2 protein chains.
Amino acid sequence: MLELAILGFLYDAPLHGYELRKRITALTGHVRPVAESTLYPAIKRLEKAGLLTRETQPGSVAAQRHVLNLTAAGREELRGRLAEPGRVDITDENRWFTVLAFLRHLDDPAAQATVLARRLAFLEEPASFFYEGERPLHAEELDDPFRRGILTIARATSRAELAWLRSTLTDLRGRAETKPF
Amino acid sequence: MLELAILGFLYDAPLHGYELRKRITALTGHVRPVAESTLYPAIKRLEKAGLLTRETQPGSVAAQRHVLNLTAAGREELRGRLAEPGRVDITDENRWFTVLAFLRHLDDPAAQATVLARRLAFLEEPASFFYEGERPLHAEELDDPFRRGILTIARATSRAELAWLRSTLTDLRGRAETKPF
DNA sequence: TAGTAATACATCGGCACCGATGTATGCTCT
DNA sequence: AGAGCATACATCGGTGCCGATGTATTACTA
């Protein structure tokens, strides 16, 4: 999740840790803040795995900074993670949004469509948060106003996303036909 | 998160671990599956903290089962966690939904309203996933179709939830007036 | 009668993440 | 001249969670 965001931001341009942190905070921080003590170890992990390099620069503004650069392997890794996200990356909204935020880096429309199609398939499964036996319940069947709220909100999200997915998929497939390779 | 769900389900009735797992899977499993190796240690933690007791029963259906029972401290703990959720429980949709799923156990309408009001305040903050300097961008200003999708979906969710929150809040406040204590 | 599935619980190693805390530098305001 | 703040990186202990694996029992089914 965090690693995906790091790779995604560095794919565009080399950044130092602090700037990276600000961008990640802007992207997902209002929902789940990123602790510094999570970011720096994550950077080190990626460096150790050969996905990025760190270049020490004398502190132009403040203390010395390490400019982070994706390696070829790092770029490959990002494309791989975007093209074949794990199951939870598709189902968990937080993770899914992070995938979406960087999906443009996967510049093949067909590959992008494949990823969107997986999300579409997931949303089309009949699922709820509450069941009677096997049967998913819908909002009107619940007495509890708070649980009814969950279903009301989830349904609104689902509808909006399904509409967006379908229209974006036809767009992408149109583009894939025009420019097949 | 998981602990809240455990406390929440046991608040209604004593259950054994396996049944608990099925209920948690029904509630949040389609988004984030719960591993068994996460559930059982969590139960142990809560037992160690004196929030629940385990009673071994001979296996009526299969292997022996431990029936889990909330203690008075456990009930108190749940009410506390519901009445004063952490910041992330309010902002992260996954956690927030779990709070909502059990908020009825907090049977004072005024206390319930306080929690909903916190979520309302969070959603009313002007926030986005993408910024130009300080200014939050909205969907129409983005070229990237995927990022535009994020904002489109988030806006639909936000609208539905704001409407639900406002109407539920007036309901709750009406009930709080009628029955002040 | 053997195989498989469902029920039911447990442990182990590993890792991501967090809060607290520490160390510097350089800029701005008073 | 000194305080305070933003910049910038780092370590440490703790914990929640996961995947893999193991152990039993009961029920079904081929």
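Keep in mind that the numbers below use all heavy atoms, side chains included, and drop hydrogens, waters and symmetry copies. It should be emphasised that the depicted structure is a prediction, and the values quoted were computed from it without experimental measurement. Every chain is numbered from 1, with letters handed out A, B, ... down the list of sequences.
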Close residues, residues 10-19 of chain A, relative to DNA chain D [heavy-atom separation under 4.0 Å]: A:His16, A:Gly17, A:Tyr18
Apply side chain to side chain contact (heavy atoms under 4.5 Å, CB included) to B:Thr71 and list each qualifying residue two or more places apart in sequence or on a separate chain. B:Thr53, B:Ala73
Mind checking what makes side chain to side chain contact (heavy atoms under 4.5 Å, CB included) contact with B:Glu55, not counting sequence neighbours? none
Take atom [atom1] of [X] and atom [atom2] of [N], then tell me their distance rounded to the nearest Å.
X: A:Asn94; N: C:dA16; atom1: CG; atom2: P; answer: 18 Å
X: A:Ile43; N: C:dA16; atom1: CD1; atom2: C1'; answer: 15 Å
X: A:Ile6; N: C:dA16; atom1: CD1; atom2: P; answer: 11 Å
X: A:Glu36; N: C:dG19; atom1: CD; atom2: C1'; answer: 12 Å
X: B:His66; N: D:dA24; atom1: NE2; atom2: P; answer: 14 Å

Please confirm whether the shortest side-chain N or O distance from A:Lys44 to OP1 or OP2 of D:dA10 is below 4.0 Å. no
Would you tell me if any nitrogen or oxygen in the side chain of B:Tyr40 comes within less than 4.0 Å of OP1 or OP2 on C:dA10? no
Closest approach of [X] to [Y] (non-hydrogen atoms, all atoms of both residues):
X: A:Gln112; Y: A:Leu172; answer: OE1-CD2, 3.5 Å
X: A:Ile153; Y: B:Thr157; answer: CG2-CG2, 3.9 Å
X: A:Val31; Y: B:Val88; answer: O-CG1, 4.0 Å

Looking at the rings of A:Phe102 and B:Phe146, which for Trp means the six-membered one, are their centres under 6.0 Å apart? no
Check: B:Phe129 ring centroid to A:His30 ring centroid under 6.0 Å: yes
Taking DNA chain C as the partner, which of residues 73-93 of chain A come within under 4.0 angstrom of it by heavy atom? none
Looking at A:Val67, A:Asn69, A:Leu10, which hits side chain to side chain contact (heavy atoms under 4.5 Å, CB included) with A:Leu15? A:Leu10
Atom pairs, protein N/O to nucleotides 15-19 of chain D N/O, distance under 3.5 Å:
residue, atom, partner, partner atom, Å
D:dG16, OP2, B:Arg45, NE, 2.9
D:dG16, OP2, B:Arg45, NH1, 3.4
D:dC18, OP1, B:Pro33, O, 3.3
D:dC18, OP2, B:Thr38, OG1, 2.3
D:dG19, N7, B:Ser37, OG, 2.7
D:dG19, O6, B:Ser37, OG, 2.9

Tested for salt bridge (charged side-chain N to carboxylate O under 4.0 Å, His left out) against B:Arg119, the lone hit among B:Glu125, B:Glu161, B:Glu124 is B:Glu161
Close side-chain approach of A:Arg135 to A:Glu141, heavy-atom, < 4.5 Å: yes
Can you list, pair by pair, the side-chain donor-acceptor contacts under 3.5 Å of residues 79-86 of chain B, counting residues two or more places apart and other chains?
residue, atom, partner, partner atom, Å
B:Arg79, NH1, B:Tyr11, OH, 2.8
B:Arg79, NH2, B:Glu76, OE1, 3.0
B:Arg81, NE, B:Glu77, OE2, 2.9
B:Arg81, NH1, B:Glu3, OE1, 3.2
B:Arg81, NH2, B:Glu3, OE1, 3.0
B:Arg81, NH2, B:Glu77, OE2, 3.3

